[in-house]
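Quick notes on the structure that follows.
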Amino acid sequence: MFILFRQTLLTAVAFAFAVTAGQVRAENSFSTVVIDPGHGGSDPGGIPGQIVPEKTVALDTALRLQKLLQRTGLRTVITRSTDIFVPLSVRSAIADAERDAIFVSIHYNASPRSSAHGIETYSENNRGAVLAARIQQEIIDRVSTENRGIRSAEYYVLRKCRLPAVLVECGFLTNPTEAQLALTTAYREQIAEQIAAGIIEQRQFAFPPLAPTHRSGRLVHKNKKHRKIVDLERFGHPLPTIRIVRSSINTAKALHAYRFGKDVCSRRPPVLLRSLPAHRRQSRIAGDGSVLVTQT
């Protein structure tokens, strides 16, 4: 009887420790991954004058990730599979329509400083942070670059998503070395493989309850101005050059059309630019997987 009691006590202690560490084993903590390739269509991402458009390499990396996850038996949903613009509200709505799922947004970084380099992964709350930590570690274990760590930000697609959500910045396209790497098939495939590895590893662990500092999945900030600035940064343009206007796209109708394969998201984003670059650049993925950039 004493031995049975001691075993029960040890089991209870071990379970309590696992809960505290956020490492509770699960049969399968989710069955679906919503993949969100950043930007698209009339929104190239990055900063003005950037040679490699973010939207192209982000989409290619996301499609590679989708194939890798499908091979493991995971169900995937992708917010865009072609070069179209999808409003942020629709991306979040697509994610929230799923159950038993996680949300992974794929981006590439940009900075006015060409020396900025490295990879970082963002989350908005403690549930996303668990997934972000696994993905970041898997990437850094294989990719030789600066570990910029896991960071917290209230990006729109993170704070408006009820699922455990992360945003991965896969390198700086404004850094000459990382831009050249991003143009190669091998680099984009390796990044996709490591993101997939982090996702698959996380699937074996339960997500912790949402921390008390969050309300309905939203981090409580006193500084509302900071929240607004962070949202604007996701468009990839300097803040002084843009202003937000009310979108004419009805989210519910757009989501319905998206499900039935109608391209209603290819119109201009709800952003007016007071100044545009003197030239535009277009890009596409060639048959051999390389990125072709042409100036128009």
> If only atom types and distance count, is the side chain of N147 paired as donor or acceptor with the main-chain N or O of G149 below 3.5 Å?
Replying inline: yes
> Same cluster for I150 and V166 if Ile/Leu/Val/Met/Phe/Trp/Tyr side chains link at under 4.5 Å?
Replying inline: no
>> Can a donor-acceptor pair be found, under 3.5 Å and without considering hydrogens, that links the side chain of N175 to the backbone of S114?
In response: yes
>> Is the shortest side-chain heavy-atom distance between L69 and I35 below 4.5 Å?
In response: yes
>> Given 3.5 Å as the limit, does a donor-acceptor pair link the side chain of N126 with the main chain of A211, or not?
In response: yes
> Looking only at heavy atoms, what is the nearest atom pair of V104 and L131, with distance?
Replying inline: CG2-CD2, 4.4 Å
> Do the side chains of S31 and R203 get nearer than 4.5 Å, heavy atoms only?
Replying inline: yes
> Below 4.5 Å, heavy atoms only, C-beta onward: do Q66 and V33 meet side chain to side chain?
Replying inline: no
>> How long is the straight-line distance from NE2 of H39 back to CG of D36, given to the nearest 0.5 Å?
In response: 9.5 Å
>> Nearest 0.5 Å, please: how far is CG in L88 from SG in C161?
In response: 12.5 Å
> Any side-chain heavy atom of T185 sitting closer than 4.5 Å to one from R64?
Replying inline: yes
> Given E189 and L68, is the side chain to side chain contact (heavy atoms under 4.5 Å, CB included) satisfied, shown in steps?
Replying inline: CA-CA 10 Å; E189 182 70 20; L68 290 167; 4.1 Å; yes
> Is L167 reachable from I140 through a run of hydrophobic residues whose side-chain heavy atoms are each under 4.5 Å from the next?
Replying inline: no
> Does one hydrophobic cluster hold both Y155 and V86, with members joined at side-chain heavy-atom distances below 4.5 Å?
Replying inline: yes
> Just how far is it from atom CD1 of I135 to atom CD1 of I119, taken to the nearest 0.5 Å?
Replying inline: 12.0 Å
>> Using modelled atom types and a 3.5 Å cut-off, is there a donor and acceptor pairing between side-chain atoms of R142 and backbone atoms of Q190?
In response: no
> Please walk me through it: do Q137 and E201 pass side chain to side chain contact (heavy atoms under 4.5 Å, CB included)?
Replying inline: CA-CA 11 Å; Q137 189 60 55; E201 182 183 357; over 6 Å; no
> What are the two closest non-hydrogen atoms of A110 and Q50, and how far apart are they?
Replying inline: CB-OE1, 3.3 Å
>> Taking I139's backbone N and O only, do any of them form a donor-acceptor pair with Q136's side chain (distance below 3.5 Å, no angle check)?
In response: no
> Should R134 and F205 count as side-chain neighbours, where that means a heavy-atom distance under 4.5 Å?
Replying inline: yes
>> Quick one, Q202 with F30, criterion side chain to side chain contact (heavy atoms under 4.5 Å, CB included). Give me CA distance, side-chain angles, the key distance, then yes/no.
In response: CA-CA 9 Å; Q202 177 57 47; F30 55 89; 4.2 Å; yes
> Taking atom CD of E54 and atom CG of D43, what is their separation to the nearest 0.5 Å?
Replying inline: 8.0 Å
> Given T145 and L181, is the side chain to side chain contact (heavy atoms under 4.5 Å, CB included) satisfied, shown in steps?
Replying inline: CA-CA 11 Å; T145 187; L181 283 173; over 6 Å; no
> Can you tell me how far the CD atom of E98 sits from the CZ atom of F103, to the nearest 0.5 Å?
Replying inline: 11.5 Å
> Should the pair Y187 and Y108 be assigned to parallel (<30°), tilted (30 to 60°) or perpendicular (>60°) ring geometry?
Replying inline: tilted
> Do the side chains of V52 and F172 join up, straight or via other hydrophobic residues, at under 4.5 Å, putting them in one cluster?
Replying inline: no
> Going by heavy atoms in the side chains, are D100 and T32 under 4.5 Å from each other?
Replying inline: no
> Would E169 and R148 pass as an ion pair if we require N to O under 4.0 Å?
Replying inline: no
> Is a side-chain N or O of T61 found less than 3.5 angstrom from the main chain of R188, in a donor-acceptor match?
Replying inline: no
>> Looking at E178 and G118, would you say the former's side chain and the latter's main chain have a donor-acceptor pair under 3.5 Å?
In response: yes
> Do you know which two heavy atoms are closest between K160 and D96, and how far apart they sit?
Replying inline: O-OD2, 3.1 Å
> Looking only at heavy atoms, what is the nearest atom pair of I94 and V77, with distance?
Replying inline: CG2-CG1, 3.9 Å
>> With heavy-atom distances below 4.5 Å as the criterion, would you say the side chains of E120 and V168 are in contact?
In response: no
>> Using a 3.5 Å distance criterion without hydrogens, assess whether the side chain of S92 forms a donor-acceptor pair with backbone atoms of S89.
In response: no
>> Would the distance check show the side chain of R127 and the main-chain N or O of P208 forming a donor-acceptor pair, the cut-off being under 3.5 Å?
In response: yes
> Atom CG in N125, atom OG in S152: separation rounded to 0.5 Å?
Replying inline: 8.5 Å
> Would you call I106 and I195 a side-chain contact if the rule is heavy atoms closer than 4.5 Å?
Replying inline: yes
> If every non-hydrogen atom of Q194 is compared with every non-hydrogen atom of E138, which pair is closest and at what distance?
Replying inline: NE2-O, 2.9 Å
> Can any side-chain N or O of K55 pair as donor or acceptor with the backbone N or O of G41 at less than 3.5 Å?
Replying inline: yes
>> Please give me the minimum heavy-atom distance between A206 and S29, naming the atom from each residue.
In response: CA-CB, 4.1 Å
